[in-house]
Amino acid sequence: MGGPKAPKDPESKRPFFYVMREKEIFGTKQPDGRGIQYIYEDMGRLENSARVAGDITDEEILTLLQDVAGFRKLVHSIGIRVEADDSTQNVEFLFQMYGEKDKLGGGTMLRCPLCTDGAEVRIDLSGQQWSEDDKEPGQMLFVFDKPELLATASVRFFLNDGYQAPEIDEEAEIDYTSEAYQEMIARSLMQMGDTGRVRRAINKAQNGESVTIAYIGGSITQGAGATPINCECYAYKSYRDFVRVCGGGKNIRFVKAGVGGTPSELGMIRFERDVLRDGEETPDIVVVEFAVNDDGDETRGNCYESLVRKILTLPNRPAVILLFSVFANDWNLQDRLGVVGERYQLPMVSVLNAVTPQFRLKQGQGRVLSKNQYFYDMFHPTNAGHTVMADCLTYFFTQAAKQESAAGQDPLEKGLPEPVIGADFERVRLLDKKDMPEGAKVTCGSFGFTDTELQEVEMDENLVCTPEFPYNWMYCGQKAENVGQAFTLELSCKALLLIFKDSGEVRVGRAEVFVDGERKLVADPHINGWLHCNPVILLQEQETKRHEIRIQMAAGDEEKEFTILGFGYV
């Protein structure tokens, strides 16, 4: 019997850097029974992943990650490792390149089958067939045969000759009980504010009365980066801490209404449906988190203040807490939006104030956790990051609970002060097929279909998603009997916003929007290029007038699709 065959000469050790390092993943159940975790890497996310997970500062390397041509020049192979308690499960790793002409269908798809046993498997890029439509690295997917499987994953790029990467900095386990951690959390209390309304809610909870705590915001409030998203998100963890700190139990209800990629411009319109549930919910506390979503707000805070005032003037006078989350570049909008909290003496909690000072420290020099430990990607926290956010809110609730019950007489008892930024949309309401104000007149034209391929979000404690704006008007040029007929809306209002669907699909087209015969804009679903809800202001005036809005497909796009999700009107 012969001995073992001599192995091939081992490949020389290549430098590498992580773009994903020991991150939690969760296979969300799909209609076909599989589980999928999506990791988006477009729009600068891949460069940020290299910065945060790989400690890359070399601008040449970061620039090469911006498109497929540079990616192929830089990366020799990709190493992927997935580990779960059940090491026998099959998982497929896919890395999709987005296309230039066909974003979601035209690019190369890199594939690699592996098991959840923690062994690294590599994709060698030298033998790949690349698409001529390749534009940029788009998204990574982990596809599980079995849904709702929790695992950890790492992805690293091995580099071609001529490129170097820094040595990996070891990360100490986060000590949530340490004095340094507690000091970090305490820094988050940006302003205690007047706690009269919060104390009233705490007293109700302690007395066994029904209390509802609600959260409205963007993708961070939705729970992006948390796995599983329903119970590891900051909102749910904060709610559970409120139950623990403030007493109560089943008498405390939880409402989560975060929608990815959306600003307060949309939040103020969907508030009644997503938070108040069309009158079924009466929140006692509302946490507002739009500090990283409002950069593109056309009103630079008017919509944000309008939402805050909308909540404060509800008949039951709920408490409002302003939560300022943070991006991986140590940025948020608390300087712009904090004046709203100051004007109404609201509690303000800043995650930026808590974590960014210690990010600058090295391991062993007082750092509590690294950016890699806090951030899942450039926008969203990991499970640990969501815990930090929840602990920041819990610290405020703990301090508020220590105050005497009579403390903080409601300064807004006799009405709200004048706006500090603006409140033009304080009374904004949603208009769609379900909710139509008296006197409004809609002619559908060729927009008579209903779109069911919508942005969906995990509400409350649910893993099952709820579609946003299901009562919409859809144009479908391939199905319409009278192609090209315009949609018209006649309405008396002084402010109006259009909400339309963004998409990366090639079958969608542009629509021209006219107000009183004047073309206001061309709504292009491809500018953002992913499935989500896009609000834009059509008019903003001082007096209420009768207006006609006409929406028609742009020339050349009559055979395509376009969806009007709804309108916000004042």
Side-chain angles (χ1 to χ4, degrees), residues 259 261-262 265-266 268-274 278 428-457 466-493 495-528 530-539 546-570:
V259 177
T262 66
E265 195 171 347
L266 188 71
M268 66 182 185
I269 298 173
R270 62 182 180 82
F271 178 78
E272 279 81 7
R273 184 167 294 173
D274 284 358
D278 293 330
V428 69
R429 298 301 299 262
L430 172 63
L431 184 158
D432 61 8
K433 283 181 180 177
K434 180 175 182 288
D435 290 306
M436 189 72 62
E438 185 177 353
K441 180 181 178 181
V442 168
T443 303
C444 294
S446 300
F447 291 73
F449 299 93
T450 299
D451 197 342
T452 59
E453 188 177 318
L454 303 169
Q455 183 176 13
E456 297 184 337
V457 297
T466 299
E468 286 289 308
F469 301 101
Y471 308 105
N472 54 70
W473 293 276
M474 180 185 181
Y475 177 96
C476 185
Q478 298 296 324
K479 297 180 181 178
E481 293 182 3
N482 299 305
V483 175
Q485 289 190 353
F487 169 96
T488 61
L489 166 66
E490 295 179 33
L491 178 70
S492 296
C493 62
L496 186 70
L497 299 93
L498 164 69
I499 314 163
F500 68 94
K501 187 181 90 168
D502 281 334
S503 174
E505 299 289 347
V506 295
R507 67 177 184 272
V508 303
R510 299 162 298 130
E512 296 180 308
V513 183
F514 297 82
V515 176
D516 299 328
E518 177 186 353
R519 192 173 82 162
K520 284 291 183 178
L521 60 93
V522 176
D524 186 353
H526 285 132
I527 289 179
N528 290 306
W530 63 287
L531 181 60
H532 89 305
C533 314
N534 191 345
V536 291
I537 296 173
L538 298 184
L539 62 92
R546 189 75 174 176
H547 295 280
E548 181 190 71
I549 292 80
R550 185 173 85 255
I551 301 175
Q552 63 190 39
M553 297 304 292
D557 286 355
E558 294 89 349
E559 298 298 318
K560 295 188 176 182
E561 299 175 2
F562 186 88
T563 300
I564 302 167
L565 295 172
F567 298 88
Y569 70 96
V570 180

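Atom CG of Asn534 sits about 9.5 Å away from atom CD1 of Ile499, to the nearest 0.5 Å. The CG atom of Leu521 lies 10.0 Å from the CD atom of Glu512; values are rounded to the nearest 0.5 Å. Atom CH2 of residue Trp530 and atom OG of residue Ser503 lie 11.5 Å apart, to the nearest 0.5 angstrom. Note that CZ of Arg550 is 5.0 Å distant from CD of Gln552, once rounded to the nearest 0.5 Å. The structure places CZ of Arg546 at 11.0 Å from CG of Asp516, a figure rounded to the nearest 0.5 Å. Here the SG atom belonging to Cys493 is positioned 9.0 Å from the CG atom belonging to Leu538, to the nearest 0.5 angstrom.
Within the 4.5 Å cutoff, the side chain of Leu565 has no heavy atoms near those of the Arg270 side chain. Side-chain contact between Glu468 and Leu454 is absent, with no heavy-atom pair separated by less than 4.5 Å. In this structure the side chain of Thr563 never reaches within 4.5 angstrom of the side chain of Phe449, judged on heavy atoms. Put simply, the side chain of Glu505 does not reach to within 4.5 Å of the side chain of Glu561, judged on heavy atoms. Under the 4.5 Å side-chain criterion, counting only non-hydrogen atoms from C-beta, Val536 is not in contact with Lys520. With a 4.5 Å cut-off on side-chain heavy atoms, Lys560 and Val508 do not count as touching. The shortest side-chain heavy-atom distance between Asp278 and Lys434 falls under the 4.5 Å cut-off. Counting only heavy atoms from C-beta outward, the side chains of Leu496 and Leu431 never approach each other to under 4.5 Å.
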Could you walk me through whether Val442 and Lys433 pass the side-chain contact (heavy atoms from CB on, under 4.5 Å) test, one step at a time? CA-CA 9 Å; Val442 168; Lys433 283 181 180 177; over 6 Å; no
Take Leu266 and His532, measure what side-chain contact (heavy atoms from CB on, under 4.5 Å) needs, and give me the verdict at the end. CA-CA 11 Å; Leu266 188 71; His532 89 305; over 6 Å; no
Show the numbers, then the answer: is there a side-chain contact (heavy atoms from CB on, under 4.5 Å) between Met474 and Thr450? CA-CA 5 Å; Met474 180 185 181; Thr450 299; 5.9 Å; no
Stepwise, does the side-chain contact (heavy atoms from CB on, under 4.5 Å) test hold for Asp502 with Ile527? CA-CA 8 Å; Asp502 281 334; Ile527 289 179; 6.0 Å; no
Let me see the working for Phe562 and Phe500 under ring-ring contact (aromatic ring centres under 6.0 Å, His included), right down to the final yes or no. CA-CA 8 Å; Phe562 186 88; Phe500 68 94; 5.7 Å; yes
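Residues Glu453 and Leu531 approach most closely at O-CD1, 3.7 Å, considering heavy atoms. Heavy-atom minimum distance, Ala440 versus Leu489: CB-CD1, 4.4 Å. Listed here is the closest heavy atom pair of Gly509 and Pro525: O-CD, 3.2 Å. Of all the heavy atoms in Val428 and Met268, the pair that sits closest is CG1-O, 3.5 Å. When all heavy atoms are compared, the tightest approach of Trp473 to Gly566 is CZ3-CA, 4.4 Å. In this structure, Cys533 and Pro535 approach most closely via the heavy-atom pair O-CD, 3.6 Å.
Environment of OH in Tyr471: sparse, with no more than 12 heavy atoms of neighbouring residues, nucleotides or ligands closer than 6.0 Å. Under a cut-off of 6.0 angstrom, the local environment of CZ in Arg429 is sparse, with at most 12 non-hydrogen atoms contributed by other residues, nucleotides or ligands.
In this pair, Phe447 and Tyr475 present their aromatic rings tilted. The plane angle is within the 30 to 60° band.
The closest donor-acceptor contact from the side chain of Asp435 to the backbone of Leu430 lies at 3.5 Å or more, if one exists at all. No donor-acceptor pair closer than 3.5 Å links the side chain of Glu559 to the backbone N or O of Gln478.
A salt bridge links Asp451 to Lys501: at least one charged side-chain nitrogen sits closer than 4.0 Å to a carboxylate oxygen.
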